[in-house]
Amino acid sequence: LSKIVELLSEAVKVEKTSEITCPSFDETLIHYPMDKLTTSHDVYERVTSLEPGNPLVRYHLWCTRCGKYSSLIQARRSCPSHQCPHCSEMTGRLVSSGLNYLWTPQEGGDGTMLLRIDEGFYKAYAEEPYRMNEDLNVKYRLEIGETSYVYITLDGKAHLFDKNGNPKEKLKVTMNRYERLSQYFVCSDEQRETILNNTAVKRTGFVEYYNRTEKLNPGYFNAMQVSPFVEMFSKMGLSSLVDDLIYETDTKKIPAYIQNPDDKCPIKKLTKPQMKELIKHDCRLERFVQYIQVFKKDAGAMYSDFDYIARESHSRHVLDVLRVGIPGMTVKKMRDYIERVDEAQCCPPGESAQLWADYLRMLKQLECDLTDSSLIYPNSLKREHDKAARKVTQVADARMAEQFRKRAAENEWCTWADDSFKVLIPHEITELYEEGRKLHHCVGTYGKAVASGNCTIAFIRRTEEEDIPFCTVEIRNKHIVQARGISNRPATGIPKVKGFMKKWAEERGLVLDVA
């Protein structure tokens, strides 16, 4: 035991010594390209009155973008706030965050790369006093917020650290994919070349991502922490898929086979032609996940065939057809038939895909021969779909009627009679319809509930008029919960019926819950 403990201790020591640590950074390398930074601007505003009683006021405006002074005479609060008359290209507020992500590379002697990424806010401002009729002397100030480090090792792995060298799970990147990111991620031309030519960086796929997007986006390294496939996707040219992985904040939407692939990972089983089609269509994450679901059912499915059906109708229709289990069914055959229906039967793909999926599901439900191609690929899809739907309804009704009769036989224990009334159990669903029609209430809709065992329906009839509907009773879990006469009249209000129901309940062990 002591030997095992000793070996485990040594193993822990080895593991600790092999942990990646953040190298020290030479701050003399920091050189921010101030001419490339995005700057926040503002318009300062003052208001003066013209003369007593005049509803108009004079607005005095100083703009940090153009530095010019201007004035406007308008009604109070009618002036668009923070808008300069001289900056005609600006249609809204001049204020922006001034946010920049400043990159500084430090190349290691062994070919590794340490990237320092500073969150910088570059703001334009002017010192008071603001003098009437005088332009501004605009000044600029750079404020550094959060600092992070990305250490890229020769195996192409990216390790993230905070400014103190402590490991972190992800970098803080507040941009969304629809902003003009190339304006916010900046470094000098020399620094950019150093990054893109580094051996370790090239192994991450980041260079290919930059070449296609022109974005020095640190969110790429966040995506690398989520999925080991980011490098492969980037080198393949699936930029949109990589972008989706970068900006997807909810990791639950990213399947496990993308985050933690194993030997059974379907991505590893894709063929070169399938990969080429994914690249050609610049597949996005949502559609990629849908395609992989289809690929698991049809390993030969080409993305172009799947995408055609998904675009014209919906991806779920492809899966619905494949799940029926028709021998030899493929996505290619699905597309061919849908196109043929569109041409020969004047039924567009958006409609035919759903009709066909429903039709095939009904064939399986009806236990039809799924190897009969004339049945699987009908010459008139709409007509055969409607015929199958009617048949399914007939079969369902027949099954429910049979189940209703079985329940009725089980519920015969509820029958009872005295000199005035008797309790009957209906054995056919049609008896419920007739009871509801003659007494003008809704018991005719209770057939499914009775057949499934959720309730029991009993008829109370006068002894001398056994064939004439009189009162209807609903029983649930041996509780009489409803008792209605004609036009939903409470049966307990009909002379002698309440007393009969009390005796009936006592004799059959029921609980009378109706008033």
How far does [atom1] of [X] sit from [atom2] of [Y], to the nearest 0.5 angstrom?
X: I258; Y: L241; atom1: CD1; atom2: CG; answer: 6.5 Å
X: I30; Y: T147; atom1: CD1; atom2: OG1; answer: 7.5 Å
X: S313; Y: Y308; atom1: OG; atom2: OH; answer: 9.0 Å
X: I246; Y: F221; atom1: CD1; atom2: CZ; answer: 9.5 Å

> Relative to the ring of H60, is the ring of Y69 parallel (under 30°), tilted (30 to 60°) or perpendicular (over 60°)?
Replying inline: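 Parallel, since the angle between the ring planes stays under 30°.
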> Which of parallel (below 30°), tilted (30 to 60°) and perpendicular (above 60°) describes F206 and W103?
Replying inline: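 Rings of F206 and W103: parallel, as their planes differ by under 30°.
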With a 6.0 Å cut-off (strictly less than), is the heavy-atom count around [atom1] of [X], excluding the residue itself, greater than 12?
X: E286; atom1: CD; value: no
X: D263; atom1: CG; value: no
X: K268; atom1: NZ; value: yes
X: E343; atom1: CD; value: no
X: K235; atom1: NZ; value: yes
X: N166; atom1: CG; value: yes
X: N379; atom1: CG; value: no

Atom of [X], atom of [Y] and distance for their closest heavy-atom approach:
X: K269; Y: F295; answer: O-CZ, 3.7 Å
X: M275; Y: M236; answer: SD-CE, 3.1 Å
X: Q191; Y: L29; answer: NE2-O, 3.8 Å
X: Q274; Y: G300; answer: NE2-C, 3.7 Å
X: Y291; Y: M302; answer: CE1-C, 4.0 Å
X: Q345; Y: P378; answer: NE2-O, 3.3 Å

Mark yes or no for whether [X], through its side chain, and [Y], through its backbone, hold a donor-acceptor pair below 3.5 Å.
X: S452; Y: A449; answer: yes
X: N488; Y: H440; answer: no
X: T393; Y: A389; answer: yes

Are side-chain heavy atoms of [X] and [Y] found at a separation under 4.5 Å?
X: L102; Y: L37; answer: yes
X: M232; Y: I267; answer: yes
X: R192; Y: Y210; answer: yes
X: H317; Y: I338; answer: no
X: I254; Y: D244; answer: no
X: I309; Y: D305; answer: no
X: T112; Y: L154; answer: yes
X: Q225; Y: E169; answer: no

Pairing donors with acceptors under 3.5 angstrom, does anything connect the side chains of [X] and [Y]?
X: E277; Y: S304; answer: yes
X: D42; Y: Y125; answer: no
X: Y377; Y: D336; answer: no
X: D26; Y: Q106; answer: no

>> Applying side-chain contact (heavy atoms from CB on, under 4.5 Å) to V318 and M334, what does each step give before you reach the verdict?
In response: CA-CA 8 Å; V318 183; M334 292 174 58; 3.9 Å; yes
Is [X] salt-bridged to [Y], going by a charged N under 4.0 Å from an acidic O?
X: K387; Y: E384; value: yes
X: D320; Y: R361; value: no
X: D386; Y: R390; value: no

>> Under the side-chain hydrogen bond (donor to acceptor under 3.5 Å, both in side chains) test against S148, which residue among K163, K168, E119, K172 passes?
In response: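 Going through K163, K168, E119, K172 one by one, the side-chain hydrogen bond (donor to acceptor under 3.5 Å, both in side chains) with S148 is satisfied by K168 alone.
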>> I'd like to know whether K36 forms a salt bridge (charged side-chain N to carboxylate O under 4.0 Å, His left out) with D189, so could you lay out the CA-CA distance, the side-chain angles of the two residues, the decisive distance to 0.1 Å, and finally the verdict.
In response: CA-CA 10 Å; K36 295 184 177 182; D189 295 339; 2.6 Å; yes
>> Run the side-chain contact (heavy atoms from CB on, under 4.5 Å) test on R484 and E474 for me, step by step, so that the C-alpha distance in whole Å, both residues' side-chain angles and the decisive distance to 0.1 Å come before the verdict.
In response: CA-CA 9 Å; R484 301 288 177 177; E474 179 188 358; over 6 Å; no
>> Working note: V324 + M329, criterion side-chain contact (heavy atoms from CB on, under 4.5 Å); need CA distance, chi angles, decisive distance, verdict.
In response: CA-CA 9 Å; V324 172; M329 178 59 71; over 6 Å; no
> Do you know which of Y184, Y32, F185 makes ring pair (Phe, Tyr, Trp, His ring centres under 6.0 Å) with Y101?
Replying inline: F185
> Does the gap between the ring centers of F288 and F233 come in under 6.0 Å?
Replying inline: yes
>> For E231 and T204: C-alpha separation, side-chain torsions, deciding distance, then whether side-chain contact (heavy atoms from CB on, under 4.5 Å) applies.
In response: CA-CA 5 Å; E231 175 195 351; T204 65; 5.6 Å; no
